[in-house]
Amino acid sequence: MPTYEYKCENCGFETEKLQKMSDAPLTLCEKCNRETLKRGFGGGIGLSFQGSGFYITDYGSTKSEPCPCGKKDTPCTDK
């Protein structure tokens, strides 16, 4: 859910509210109780990686065995 910024045109009160995109904008100011609250541009939710091991769980293990020939710059053909 995105976070929207609100500002009252009457008293200047500013707040942020977490709302669904389908929710109607708020209009009633919490401070002066007038219907002068206007929704501005919110920061949204952005990209959120939560939990442990995003890379590990999505792409699996990339463990590789060392090259028996000792070459590190090129792929081993001596296997």
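- The side chain to side chain contact (heavy atoms under 4.5 Å, CB included) check on D23 picks up Q19, K20, with sequence neighbours excluded.
- Rounded to the nearest 0.5 angstrom, L18 CG and T3 OG1 are separated by 5.0 Å.
- To the nearest 0.5 Å, atoms CG (L28) and SG (C8) are separated by 9.0 Å.
- The SG atom of C29 sits 12.5 Å away from atom NZ of K38, with the distance rounded to the nearest 0.5 Å.
- The structure places CD of E14 at 10.5 Å from CG of L37, a figure rounded to the nearest 0.5 Å.
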Audit row: R34, F13, side chain to side chain contact (heavy atoms under 4.5 Å, CB included) steps and yes/no:
CA-CA 11 Å; R34 292 195 178 177; F13 175 73; over 6 Å; no

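- Taking a cutoff of 4.0 Å between a charged side-chain nitrogen and a carboxylate oxygen, E30 and K17 qualify as a salt bridge.
- Using a 4.5 Å heavy-atom cutoff, the side chains of Y6 and P25 are in contact.
- We find the NZ-OG1 distance between K7 and T15 to be 13.0 Å, quoted to the nearest 0.5 Å.
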